[in-house]
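I have placed the structure first, in the form of structure tokens, so that the comments after it can refer back to it.
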Amino acid sequence: MLSFATATCEAVPLPHVMPSGRATLTDYETVRRMIEFISTEYRSQPSLAEIAEAVGRSEETLTTLLKRWAGLTPKAFLQAVTLDHARRLLDDGASLLDAAYEVGFSGPSRLHDLFVKHEAVSPGDYKARGQGIDLFYGYHPTPFGLAIVVATERGLAGIGFADPTDGGEATALEDMRRRWPRARFIADAPRTLPFARRIFEPSRWQEERPLKIVLIGTDFEIRVWQSLLEIPFGRATTYSTIADKIGVPKAARAVGAAVGRNPVSFVVPCHRVLGKSGALTGYHWGITRKRAMLGWESGVLARD
DNA sequence: CAAAATATGTACG
DNA sequence: CGTACATATTTTG
């Protein structure tokens, strides 16, 4: 059974993704290398000098970059990327999703606020796979690399990553085509640019209307994706917690599969779902990017 | 309809 | 720490 869900996403701004949108691709590449190096050499507790050496940038460059990218010092960033830290994001376990509702609208901390409207569509559209829908797409820089942004008339439908390390633009588009094989894809960057800006340029988040997103998936997928929207900014939950939440406690694995099919990465925060141990188990766009997103969110919160 | 495939979780050496 | 298996759901033939 297929349904459409329209979610309006009213968000409190995330500080500083550079307002000018400059040189993000290179910045992310540097961050990516850092995370990869740290993950591999995790045991040896590498010093900043060693990290700088490994990624081929100076210590000063790294410090400035991280400060701008996530608001963190290299040392703090290093900590934000460990397993220990990920575990801490989980701590209240099963109550987390409920707690999100209570805490999300008050307090000094900056949180994502998400309001979701649900709109069902006839089951006959199950096989449509995007039939009859026009999808406009464009490529735009983000803090996590070059992204493909896909939108319908009604709102944002997809975000994917298109960095050279992801296989580039063609691969990213191919990935989107696989999700909606029968939709008509129309290159229209001017049309998708506002979405990219609205999502990744915090200064715009308050000025403009709530972000509309269109989720196209099965009932089960929609339920899972809606649970994702309830996870507070800078926090995380587990596959099994979501399974509990949607009333199918033993379906952790099915939840994982559904989370993996989320087409609107970052906005529907599938990067905030971890294994029960706190381990980063999988991510469509690469574990490194998942780690980067979590580290970035930690940095944003650590600022206040 | 049956079988394969999962971004899991847990138990057992 | 690896391996084995239970499990729910979707996809595919």
Side-chain angles (χ1 to χ4, degrees), chain A residues 1-5 32 35-36 39-40 42-43 81-87 89-97 120-131 144-145 158-161 165-167 171-172 174-183 215-231 235-295 297:
Chain A
M1 210 169 288
L2 185 75
S3 23
F4 283 71
R32 193 188 64 75
I35 293 176
E36 247 158 39
S39 310
T40 355
Y42 172 59
R43 279 157 230 284
V81 163
T82 60
L83 174 64
D84 242 26
H85 177 263
R87 245 196 281 267
L89 298 180
L90 289 174
D91 58 14
D92 20 304
S95 64
L96 179 56
L97 292 184
V121 145
S122 74
D125 286 336
Y126 172 67
K127 287 187 178 165
R129 309 289 272 165
Q131 175 99 42
F144 307 104
I159 297 182
F161 291 98
T165 46
D166 300 308
T171 305
E174 194 47 45
D175 182 87
M176 287 299 166
R177 276 193 205 279
R178 248 195 326 265
R179 294 167 192 266
W180 304 291
R182 308 167 104 115
L215 299 178
I216 307 171
T218 65
D219 278 353
F220 184 76
E221 287 169 345
I222 299 288
R223 273 191 294 158
V224 170
W225 296 341
Q226 284 188 322
S227 299
L228 297 185
L229 290 170
E230 292 173 13
I231 309 171
R235 301 297 305 273
T237 189
T238 67
Y239 297 96
S240 54
T241 304
I242 293 179
D244 284 343
K245 180 74 180 179
I246 64 177
V248 203
K250 292 177 183 170
R253 195 161 187 164
V255 167
V259 170
R261 262 176 256 120
N262 163 38
V264 201
S265 89
F266 189 76
V267 173
V268 175
C270 47
H271 56 282
R272 296 187 199 141
V273 191
L274 313 178
K276 200 154 204 166
S277 67
L280 279 69
T281 40
Y283 193 61
H284 187 81
W285 304 105
I287 305 273
T288 299
R289 188 172 267 109
K290 189 172 182 174
R291 218 180 281 279
M293 287 177 173
L294 291 172
E297 293 192 351

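This structure is a prediction, so every number in the text was calculated from the model and none was measured. Chain naming here is simple, since letters A, B, ... match the order of the sequence lines and numbering starts at 1 in each.
In this entry the distance linking CD of A:E221 with C1' of C:dT11 reads 10 Å, nearest Å. Note: CG (A:L294) to P (B:dA7) measures 18 Å, nearest angstrom. At whole-Å resolution of the value, CG in A:N262 and C1' in C:dT9 are 17 Å apart. Rounded to a whole Å, the CG atom of A:D219 is 11 Å from the P atom of C:dT11. Separating the CZ atom of A:F220 from the C1' atom of C:dT9 is a distance of 6 Å, rounded to the nearest angstrom. Atoms CD1 (A:I242) and C1' (B:dA7) sit 11 Å apart, rounded to a whole Å. B:dA7 atom C1' lies 14 Å from atom CZ of A:R291, rounded to whole Å. Spacing between atom CG of A:D244 and atom C1' of B:dG9 amounts to 12 Å, rounded to whole angstrom units.
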| field | Worked verdict on A:H284 versus A:D175 for side chain to side chain donor-acceptor pair (under 3.5 Å) | value | CA-CA 10 Å; A:H284 187 81; A:D175 182 87; 2.9 Å; yes
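Phosphate proximity of B:dG9 to A:K250: absent, as no side-chain N or O sits under 4.0 Å from OP1 or OP2. In this structure, A:S240 does not reach the B:dT8 phosphate: none of its side-chain N or O atoms is under 4.0 Å from OP1 or OP2.
At a threshold of 4.0 angstrom between heavy atoms, the contacts of A:V259 include nucleobase atoms, whether or not backbone atoms are also involved. Across all strands, A:A252 comes closer than 4.0 Å only to sugar-phosphate atoms, never to a base (heavy-atom distances).
A:T241 places no side-chain N or O within donor-acceptor distance of the main-chain N or O of A:T237, the cut-off being under 3.5 Å. Put simply, the side chain of A:W225 never gets that close to the backbone of A:C270: no donor and acceptor are under 3.5 Å apart. Using modelled atom types, no side-chain atom of A:R289 and backbone atom of A:H271 make a donor-acceptor pair closer than 3.5 Å. At least one donor-acceptor pair closer than 3.5 Å links the side chain of A:K290 to the backbone N or O of A:G282.
Base pairing of B:dA7: no nucleotide in any strand meets the Watson-Crick or G-U wobble criterion (both distances under 3.5 Å).
Across the interface with DNA chain C, nearest-nucleotide mapping of A:R261 and A:R253 shows A:R253 to be the residue nearer the 5′ end.
For A:T218, the side-chain atoms get nearest to C:dT10 when compared with the rest of B:dT6, C:dT7, C:dT10.
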